[in-house]
Protein chains: 2
Amino acid sequence: MSNDDTRKKRNQRAADTAARLEAAAPLFGAGKEVSSDNTVALLEAVIRAGDIVNIEGNNQKQADFLAESLNKVDRSKIHDLHMVQSAVPLASHLDLFENGIAKKLDFAFGGPQAGRVAKFISEGKLQLGAIHTYLELFGRYFLDLTPRVSLICAFKADRKGNLYTGFNTEDTPTIVEATKFRQGIVIAQVNEIVDELPRVDIPGDWIDAVIQSPKPFFVEPLFTRDPGLITDNQILLAMLCLKGIYAEYGVTSMNHGIGFLTSAIELLLPTYGEELGLKGKICTHMILNPHPTMIPAIETDWVDTIHCFGGELGMEDYVASRPDVFFIGPDGTLRSNRAFAQTAGHYALDMFIGGTLQIDKYGNSSTATASRVAGFGGAPNMGCDAKGRRHSTGAWLQCGQELPSLDQQLGTMPRGKRLVVQGVETFGEGRQPVFVDKLDAWKLAENANLDLPPVMIYGDDLTHIVTEEGVAYLNRCPDLDSRMAAIRAVAGYTDIGLQAKPEETKRLREANIVKTPDDLGVDPSRATRAMLAAKSVKDLVTWSNGLYNPPSRFRNW
Amino acid sequence: MSNDDTRKKRNQRAADTAARLEAAAPLFGAGKEVSSDNTVALLEAVIRAGDIVNIEGNNQKQADFLAESLNKVDRSKIHDLHMVQSAVPLASHLDLFENGIAKKLDFAFGGPQAGRVAKFISEGKLQLGAIHTYLELFGRYFLDLTPRVSLICAFKADRKGNLYTGFNTEDTPTIVEATKFRQGIVIAQVNEIVDELPRVDIPGDWIDAVIQSPKPFFVEPLFTRDPGLITDNQILLAMLCLKGIYAEYGVTSMNHGIGFLTSAIELLLPTYGEELGLKGKICTHMILNPHPTMIPAIETDWVDTIHCFGGELGMEDYVASRPDVFFIGPDGTLRSNRAFAQTAGHYALDMFIGGTLQIDKYGNSSTATASRVAGFGGAPNMGCDAKGRRHSTGAWLQCGQELPSLDQQLGTMPRGKRLVVQGVETFGEGRQPVFVDKLDAWKLAENANLDLPPVMIYGDDLTHIVTEEGVAYLNRCPDLDSRMAAIRAVAGYTDIGLQAKPEETKRLREANIVKTPDDLGVDPSRATRAMLAAKSVKDLVTWSNGLYNPPSRFRNW
C-alpha cells in the first residue's frame, strides 16, 4: 500500500538532520567538540529559515553564548525562526527579533525583557504565539512545538558529550529529550570540557555538539530577597496569611512564588509560626527553589522535603549540607528539575501563594499589561484547581467543603479544591492600584491579536485574597455577586475598594467570608521587622553556619 | 545555631542508605552486578519494614522477577511496606499483601487484579491510600511519596549500570530520578548485561544494582484490539463521534483511551473520515501508545506526530519505520516516556475520549466499583479541563464559547475548554447499565474508608457523551438540570434513560444540546464492518508492509 519511494518521502526528518550535520562535519574537532570560534558557522550549518528553535533560557541559567552567537548568523539565510523557550530574560533573546532572525515567540516568562516584548509586539516585530505556563510549554514540545534545533547549557561535558547540569539542571532534560528523539539537533555550551564528570545528568548519546564557551553561563539569583528590604506592611500580610490561611486550613504542602511577601512568611515561621504552635502542622512539604529566606525554617526543623525547579546562586553548599531535605545526587549536589517540580506543583501541592500586578473585579488576575509582557512562569500551573487530582488531604478537602456552589456542578458528589492565594498590597508597584475594573490584558490581546486576554489566574481558581485590609475567603462565596463583594471589601482605597458598602462588608464578615486583622486576632502594631527570624542577608549566612554564599550584590558588610 | 551533632542527626537518609548498601556489599559481583540467585538476599539487605517501595509495574512492562523475589523475603523482617506504583496488574503485586509483606497501596491502575484489590480492601489486608492518575502519582514521588527503594526493569544494562529501556522506557526515568536523588536505592532487573548499549536511557550513576533476570520481563500488549471483534454498534458510535464531535469542533489533537470504540474511530479515518473530507483537519497530533489500529491512518498520511506513553508489543519495527511520526532515538528505536506523554496529554491536547463502567445522573463517572478497583490510569489527567492551560486552539475555544454558564464563573472574561468525551453503549460489560442513579464508587469509599468516592471523570469536566442514541453536548447546558436532562436523553433503556421526557428531549434537540444519529445525518444502516479500513489483525500486518508483528495470541491465520 506504500512502496519504498513513498516510504522514503515520508521519512524526511532524519535525512534532513543528517544533511545538516554533514554540512557541519568539518567544524568538529575530537568527538562532539566544536571550538567556540566555529559557533556561528555551526549554527549556520544546522539551522534553516523557519525552524522551530529553543534557546535554553529559563528563569535562572542561560545559554547566553549560544544566544549571542545566533544573533551573528547570516540573516539572509536564517530568518523567520519560531522561538519556543521557557523565558526570554536576556537582551540577546529579543535582539533576535530586532535583527530579523526570529519572527514568532512561544514562551512562559519575560522577566527583564517584558517591556521589549510588548514593544516589539505592537511594532509588529514579534508575533506572539501564547504566554504559557512552563509545564504547558513542555507538553507542547512533545506535540506541536517540538524544537528542530535546541541550544542548551551545562556546567561540564566529557569527551563523549555526556553532560553535568548539576545544581542547575532545570529545563535541560526536557528540552533535550523532546528535540533529540524527534531527530532534532542539540548543541550544548558548557563551562568546561573534562575527562570525568561528577555525575552524568544527560547521556552523551542525546547531544550532537559541545562547545566550551568563552566564559561561564549566566545565572540570575532570581529568588534571593534581602530580609532588610521587607516592609512592615508585608509582615502584616504575612501574619494574616499564617493565621488566616496556613493555620486555618492546616496547609502542609505549598509553593511560594517570587516576592517579599512569601519571604516574610518564610522568615516568620521560626517566630510567629512557633508562637502559633504550627511547627509540624504547616509547611512540611514544599516545591520551591532554594530560597535563602528558607534557611531559618530549615535550621529549626520545620521542613521535611523541598524539591526544586532550579538552583539559586550562592545556595550550593548550604543545600548540599541538607540531603534529608533536598534532592541531592550521588555527587553531593542538588538535582533540580523544572518539569518534575511543576508536576508536583500541579498535582501534589495543597496551596499556591503568589502576587500579581492586577486583579479585576471578578477575581481574574494578570501580570501581562499592554506595555509589559512579564509572562506567567509556573503560576497558572500551580495557581489553578488541578481537576485531575484524586488523592485527598485535610486542607484540600476543607477548601472544597467550603464551596457552597459545588452541588450546582457535581450534584451530590463531593470534591476538594486547591487553595490559590494572592497576597497583594492594594496599591502595588509604582503605587498603581492592583484592583481594577478591567485588566490591561484586554489591551494586550488586542495589540498582539490574541484570541483571549492573557490571564495568569482565573477568578474561579482563586480561593483567597489577602491585603492589608484582611482576608477574602472567595471559596466561601455562593455566587459571583458575593465574590465581587468580597473582593471589594479587601480592595482598600482603590476605585474598586471604594465601591464596597459597609453593610455588605459587615454581612460578609458575619459569614466568615471576609476577615479583618481584628477578626483574625492579628495586631497590626506587632507587624514589624522585629518579627523576622533573619533581618539581613548576613543573618541568613549566620543561620546557614556560613554555608550560604550570597552573590556580591547582596553583600553589604 | 546548630552544631555538628544536630546537623549529623538531621542527615540520616544518606547514612542509612550507605549502611544498607554496606550490608549488601558481599552480594555484588563485578561493578553493579548482582547474580539473580542473590536477589532475595539483596532485597533483605536494602529494604526495611515500613519502607515506601516502588515496583515498576505500569500497564505494560513489568519488573516481574523483582516483584516475585520480594514475595520471598523474610516477612518477620520486612513487612508493612507502603507500595507506591503506577499499576498492580501482576498476581505477585497483590501477593505481597496476602503474604503480609506490604500493607498500604497508592497506585493508578489495577488491570487484571482489580477484583483482588477490592477483596483485600474489604478484608482489611490492603490499606488504600488513593487511586491516582499517573502524573499525579509521579508528582507525589517528588513531594510526599518518594520511594526509599525502587525495583525497576530495562532491556539491557552495561557493566557500569547504564540502562537501555528503549521502546519501553515508560515510567523508568521518573521513578529512578525521584528515588536516587533522595538518597534512595534503585535495583534494576534487565534481560541482558552487555558491553555496549544501543543507546543510554538512564545513566549508570543513578542505579545501585543490576540483576540479569532468569527470563525477559513481562510485557502486556494492552492496546492491541483485533478489528475482527469490533461490533456494528461500536462502528455506529465511532461515526457519531467523527461527525458529531471531531468534525463539529475540528479536533486536531487528542488521546484515545483503551477500547474498541477508539479503535473503530482509528479504522474509520481512511474510509468514513476521508468521505467527510476530514484529512488534515482532525487527528493530526496525538498522544497515544502505538496502537496497531492506527497503522492504516498513518499509512494514509493522516497523522503528523504521535508521542507515546509506552510501547506496544509487536509494533517495534513498524514504529521504527516511521521516524517522522514517532519519537525515535539515535539507535532507531522508539523513546516512550509516560511522564512527558501525560504532560502533553494534560496541557497540549484538545480532546480526551474514552469509556467508563458507570456514569451517574449528574455526569460523574467511575471505573471503581465495590468489587473491582480497576483504577483510572491517565483518564483523570487528560479527561479534565486543564485549568492551567493558556494557549488557544480552535476546538478548545469553540468548546469554551459554547458554555452558557461561564459568565457566572469569570464575569466577562472568556476562556476555552477541553473536550472530554465518553463514548459508551448504554448497557456495557455484562449487560450492566452504564447510566446509574448513584455510582458504586460510594460503596467503595465506605469499604476502603476513603474521604471521597473515587471518581474517574467529574461531571463538570465531561463535555460530551456519545451513545447509540446520539450525542449529548453537555458543554451547551446552562445548568445542572439541563445537563441531567441531556444525560437522560442519551441513556437509552437504562433506568435513568427511561426517565427522559419526550417533550424535554425535543427541546434539547432543538437547542442542539442533543443530536440523534438522524439529526447528525448518520445512517445507522451504514454502520457495518465494511466501513473499517482493516477488518482483521492480518489486514493490519498487510497495511504495515509486514512490519507489524502481532503477538501470537492475536494471530489466527
Side-chain angles (χ1 to χ4, degrees), chain A residues 1-2 10-14 130-133 135-136 138-140 142-144 181-183 199-200 203 205 253 285 299 305 307 323-324 327 329-330 335 340 343-344 347-348 362 364 380-381 384-385 387-392 397 408-411 413-414 451-452 455 458-461 480 543, chain B residues 1-2 10-14 130-133 135-136 138-140 142-144 181-183 199-200 203 205 253 285 299 305 307 323-324 327 329-330 335 340 343-344 347-348 362 364 380-381 384-385 387-392 397 408-411 413-414 451-452 455 458-461 480 543:
Chain A
M1 304 188 182
S2 70
R10 286 184 193 143
N11 292 336
Q12 286 299 298
R13 223 170 146 102
I131 309 172
H132 303 76
T133 188
L135 199 61
E136 174 188 20
F138 294 170
R140 295 188 73 188
F142 292 90
L143 193 81
D144 63 337
F181 288 93
R182 203 152 181 247
Q183 282 74 64
R199 73 174 189 240
V200 176
D205 296 2
S253 63
H285 292 76
E299 290 300 305
T305 308
H307 186 266
D324 277 15
F327 282 68
R335 164 100 173 178
F340 286 132
T343 297
Y347 270 130
Y362 309 114
N364 304 299
N381 177 60
C384 71
D385 194 25
K387 302 289 294 290
R389 172 176 169 164
R390 294 296 178 268
H391 73 283
S392 66
L397 278 175
Q408 291 160 38
Q409 289 157 47
L410 304 182
M413 186 62 67
D451 293 316
L452 301 174
V455 169
Y458 284 97
D460 60 345
D461 282 326
L480 186 64
W543 271 104
Chain B
M1 308 186 179
S2 70
R10 287 185 192 141
N11 291 335
Q12 286 299 297
R13 226 169 144 103
I131 310 173
H132 303 75
T133 188
L135 200 61
E136 174 188 19
F138 294 170
R140 294 188 73 189
F142 293 89
L143 191 81
D144 63 336
F181 288 92
R182 207 154 176 244
Q183 282 74 63
R199 74 173 188 240
V200 176
D205 295 1
S253 64
H285 292 77
E299 290 300 305
T305 307
H307 187 266
D324 276 14
F327 282 68
R335 165 99 173 180
F340 287 133
T343 298
Y347 271 129
Y362 309 113
N364 304 298
N381 177 61
C384 71
D385 193 26
K387 302 290 291 293
R389 174 176 168 163
R390 294 295 178 268
H391 72 284
S392 66
L397 279 175
Q408 292 160 38
Q409 290 156 48
L410 304 183
M413 185 61 69
D451 293 316
L452 300 174
V455 169
Y458 284 97
D460 60 343
D461 282 325
L480 186 65
W543 271 103

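Reminder, nothing fancy here: chain letters follow the sequence lines and each chain counts from 1.
With respect to chain B, the highest number of heavy-atom pairs below 4.5 Å among A:I131, A:L135, A:T133 belongs to A:L135. When B:G459, B:G411, B:A344 are compared by the number of non-hydrogen pairs under 4.5 Å with chain A, B:G411 comes out ahead. Counting heavy-atom pairs closer than 4.5 Å to chain B, the top residue among A:Q409, A:R335, A:H285 is A:R335. Residue with the most contacts toward chain A among B:G329, B:P330, B:A130, B:P414: B:P414 (heavy-atom pairs, distance under 4.5 Å). Chain A forms more heavy-atom pairs under 4.5 Å with one residue of B:R13, B:Q408, B:H391 than with any other, namely B:H391.
A donor-acceptor pair is defined here as one N or O able to donate and one able to accept, closer than 3.5 Å; such a pair exists between the side chain of A:D205 and the backbone of B:V200. At distances below 3.5 Å, at least one donor-acceptor pair connects side-chain atoms of A:E136 with backbone N or O atoms of B:R390.
Nearest heavy atoms, A:C384 versus B:G388: SG-N, 3.5 Å. Across all their heavy atoms, B:N11 and A:P323 have their closest contact at OD1-CD, 3.3 Å.
B:H307 meets the ring pair (Phe, Tyr, Trp, His ring centres under 6.0 Å) test with A:F142, B:F327; sequence neighbours excluded. Taking the side chain to side chain contact (heavy atoms under 4.5 Å, CB included) definition, one finds that B:L410 meets it with A:N364, A:Y458, A:D460, B:L406, B:M413, B:R415, sequence neighbours left out.
Separation of atoms CZ (B:F340) and CG (A:L143) is listed at 14.5 Å; rounding is to 0.5 Å. With rounding to the nearest 0.5 Å, the separation of CG in A:D144 from OG1 in B:T305 is 8.0 Å. Rounding to the nearest 0.5 Å places CZ of A:R140 at 7.5 Å from CZ of B:R389.
With salt bridges taken as basic N to acidic carboxylate O contacts below 4.0 Å, one links A:K387 and B:D461.
Two residues are said to be in side-chain contact when any heavy atoms from C-beta on lie closer than 4.5 Å; B:Q12 and A:D324 meet this criterion.
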